[in-house]
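Bear in mind that the values here come from a model prediction, so they are computed numbers and not experimental data.
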Amino acid sequence: MRIQLALRTFASIFALIASPAMAGDAEVSLADGRTLTGITLRPGTSPTQVILEKVPGGTASRNAMVSVTDLLAVDFGKVAGKTETPTVRLVNGDTLRGTVTFPSAKSVKVSAGWANVTVPLGWVSAIRIQEKVELPAPVTKDTVVLTSDRIQGPVQGVVGGKLQVEVGGRPVPVDLARVQSIALANRAPTESRPGTVLSLDMGGGDRLTARWVKLDQDVLTVKLDWGQDLDVPIGSISRMEIKNGKLVYLSDLKPAEVKETPFLDSASPFKVNKAVSGRPIRLRGKAFRRGLGVHSRSSLTYTLDGGFESFKALAGLDDSVGPQGSVIFRIYGDDKLIHESAVQRGGDTPLDLNVPIKGVLLLRIEVDFADNGDAADHANWAEARLLRP
């Protein structure tokens with residue numbers, strides 16, 4: 001009896017240690033600007049709530065229950081691992097790695113190490129069949145790359161181990177053993193689905209966009225864009241970001257209009273999550289993983305829904321220009337000037353912007369020339385973000 005009890009006790013302790021949900025290494029970034037370390041995520045009282053359980057040694061002073069939309073990002077402390085060539089790319093840019101099979105004529109299954117994901121072909125833009133080839137680039141016509149040839153024509157699916165490709169108005173079966181890769185020109189439905197949108201980084205190059213369903217002790221259930229529910233082990237997630245919560249980064253949005261007017265030479269296109277030079281965004285010695293890098297004169301316009309309360313950012317000239325450069329930062333709401341800075345020079349303390357934009361439908365952020373034309377005007381909108389009430 002004592003031996004059995006000891007074994008059961010040991011098994012319980014081992015399970016506690018081994019369970020991914022027990023790891024208290026998560027770093028949680030909240031929409032209100034706080035960052036808490038040493039956190040374990042627990043299910044809340046409703047599916048859309050989570051408990052931030054403090055762990056000794058972390059920065060949280062107590063447990064707290066928050067809405068999922070109050071979260072910005074969660075780093076689970078998992079090493080991302082070496083990035084490998086993806087096996088499947090989806091139309092939204094997500095990438096998956098794993099063994100590929102075709103469970104039906106119109107779907108592809110990716111057996112990743114963390115889950116089996118079945119994707120309708122309409123949501124797939126590229127498939128790598130053979131290991132030592134690259135994932136093909138986006139195409140305007142369905143293209144099948146063979147060992148020594150390629151075929152262009154609508155891909156109808158896979159039946160009996162053969163890829164059906166329409167050539168000259170009739171289906172042509174191609175043995176999958178001959179296929180290196182498939183590039184599809186599909187355009188999946190773009191209707192908006194309700195729910196909190198998550199971006200899951202699984203490490204090693206796997207990225208998946210989905211909507212929050214619920215959190216159990218060691219499993220996160222999400223709904224994929226095509227309606228399938230998927231259980232994802234918490235221990236397999238490297239980082240989770242909330243894309244449509246109370247905080248939205250401008251770097252996650254596509255500008256409705258871009259105007260870039262150089263003083264003399266050719267324009268320098270704005271960069272997303274990088275300085276305009278292509279290097280990491282840096283202001284006064286601090287690096288930022290989020291933001292927009294621009295060169296004067298730059299004007300970026302974003303279409304909003306009128307439901308945001310404020311626009312926040314740290315604005316300044318990138319550290320790479322040293323004491324050089326001079327710009328003026330302006331912010332417009334529905335074509336009305338709502339903020340204009342004094343001249344900002346290289347080496348100045350970044351501007352900590354917090355601009356009310358309640359009801360604004362068109363937000364325009366502008367960086368203009370100041371003293372010396374556009375010389376060294378490498379400006380950053382670091383951590384540029386929109387906040388809801």
Side-chain angles (χ1 to χ4, degrees), residues 78-189 199-210 222 224-233 235-239:
K78 175 179 176 288
V79 178
K82 181 181 178 181
T83 299
E84 300 177 8
T85 304
T87 305
V88 171
R89 182 176 61 245
L90 307 186
V91 294
N92 61 5
D94 289 349
T95 52
L96 302 170
R97 297 171 302 123
T99 303
V100 167
T101 55
F102 296 87
S104 70
K106 296 292 187 179
S107 66
V108 57
K109 177 180 176 181
V110 184
S111 298
W114 45 274
N116 295 325
V117 185
T118 301
V119 188
L121 281 181
W123 286 91
V124 177
S125 69
I127 306 172
R128 183 169 63 95
I129 303 294
Q130 297 184 10
E131 290 187 3
K132 296 183 179 180
V133 301
E134 293 297 319
L135 198 65
V139 294
T140 56
K141 293 182 179 180
D142 290 0
T143 304
V144 179
V145 180
L146 307 177
T147 305
S148 57
D149 197 3
R150 64 176 52 211
I151 303 172
Q152 281 195 332
V155 172
Q156 298 178 338
V158 176
V159 179
K162 295 184 182 296
L163 184 68
Q164 306 293 319
V165 186
E166 185 179 316
V167 179
R170 63 184 182 86
V172 175
V174 181
D175 196 320
L176 279 175
R178 298 178 55 205
V179 178
Q180 290 188 337
S181 63
I182 305 168
L184 302 172
N186 294 335
R187 289 177 292 276
S199 176
L200 302 179
D201 181 353
M202 313 307 294
D206 283 3
R207 296 188 304 276
L208 190 67
T209 301
V222 298
L224 303 175
D225 280 343
W226 47 94
Q228 174 192 348
D229 282 357
L230 183 69
D231 290 337
V232 181
S236 65
I237 303 174
S238 174
R239 179 178 171 85

Checklist entry - Looking at side-chain heavy atoms only, is the closest gap between Val110 and Thr99 below 4.5 Å? => result no
Item to check | Where Leu96 and Arg207 come nearest, the two heavy atoms and their spacing | outcome: CD2-O, 4.3 Å
Checklist entry - Given side chains that start at C-beta, do those of Leu90 and Thr95 come closer than 4.5 Å, heavy atoms only? => result no
Checklist entry - Who are the side-chain hydrogen bond (donor to acceptor under 3.5 Å, both in side chains) partners of Thr209, not counting sequence neighbours? => result Asp94
Checklist entry - Arg239: what forms a side-chain contact (heavy atoms from CB on, under 4.5 Å) with it, not counting sequence neighbours? => result Ala73, Asp75, Asp201, Glu241, Arg289
Checklist entry - Hey, does Ile182 have a side-chain heavy atom less than 4.5 Å from the side chain of Thr143? => result no
Next on the checklist: List the residues meeting side-chain contact (heavy atoms from CB on, under 4.5 Å) with Val91, not counting sequence neighbours, and say none if there are none.
Outcome noted: Trp123, Ser125, Ala188
Item to check | Counterpart residues, side-chain hydrogen bond (donor to acceptor under 3.5 Å, both in side chains), relative to Ser199 (two or more places apart) | outcome: none
Next on the checklist: If the condition is side-chain hydrogen bond (donor to acceptor under 3.5 Å, both in side chains), which residues does Ser111 pass it with, not counting sequence neighbours?
Outcome noted: Asn116
Item to check | NZ-OG distance between Lys109 and Ser104, expressed to the nearest 0.5 angstrom | outcome: 11.5 Å
Please tabulate, for side-chain N and O atoms in residues 131-142, each donor-acceptor pair with protein atoms closer than 3.5 Å (sequence neighbours left out).
from   : atom 1 : to     : atom 2 : distance (Å)
Asp142 : OD1    : Ala185 : N      : 2.8
Asp142 : OD2    : Val155 : N      : 2.9

Item to check | For the student: nearest non-hydrogen atoms of Thr85 and Arg97, plus distance | outcome: O-CG, 3.7 Å
Checklist entry - Should Met202 and Val232 be marked as a side chain to side chain contact (heavy atoms under 4.5 Å, CB included) after you check the CA-CA gap, both sets of side-chain angles, and the distance that decides it? => result CA-CA 10 Å; Met202 313 307 294; Val232 181; 3.6 Å; yes
Item to check | By side-chain hydrogen bond (donor to acceptor under 3.5 Å, both in side chains) - contacts of Thr118 (at least two apart) | outcome: none
Checklist entry - Closest approach of Thr87 and Gly98, non-hydrogen atoms and distance? => result OG1-N, 3.2 Å
Item to check | Partner residues of Asp231 under the salt bridge (charged side-chain N to carboxylate O under 4.0 Å, His left out) criterion, sequence neighbours left out | outcome: none
Checklist entry - Who passes salt bridge (charged side-chain N to carboxylate O under 4.0 Å, His left out) against Arg89, sequence neighbours left out? => result none
Checklist entry - Does the side chain to side chain contact (heavy atoms under 4.5 Å, CB included) test come out yes or no for Val159 and Phe102, once each step is laid out? => result CA-CA 9 Å; Val159 179; Phe102 296 87; over 6 Å; no
Next on the checklist: side chain to side chain contact (heavy atoms under 4.5 Å, CB included) for Leu230 and Leu208? Distances and angles first, verdict last.
Outcome noted: CA-CA 11 Å; Leu230 183 69; Leu208 190 67; 3.8 Å; yes
Can you give me every donor-acceptor pair (side chain of residues 160-175, partner residue at least two apart or in another chain, under 3.5 Å) with its distance?
from   : atom 1 : to     : atom 2 : distance (Å)
Glu166 : OE1    : Gln156 : NE2    : 3.1
Asp175 : OD1    : Ala177 : N      : 3.0

Item to check | Closest contact, heavy atoms only, Trp114 versus Pro233 | outcome: O-CD, 3.3 Å
Next on the checklist: Assess the residue pair Leu121 and Leu184 against the criterion (side chain to side chain contact (heavy atoms under 4.5 Å, CB included)); give the C-alpha distance rounded to whole Å, side-chain angles, the decisive distance to 0.1 Å, and a yes or no.
Outcome noted: CA-CA 8 Å; Leu121 281 181; Leu184 302 172; 4.2 Å; yes
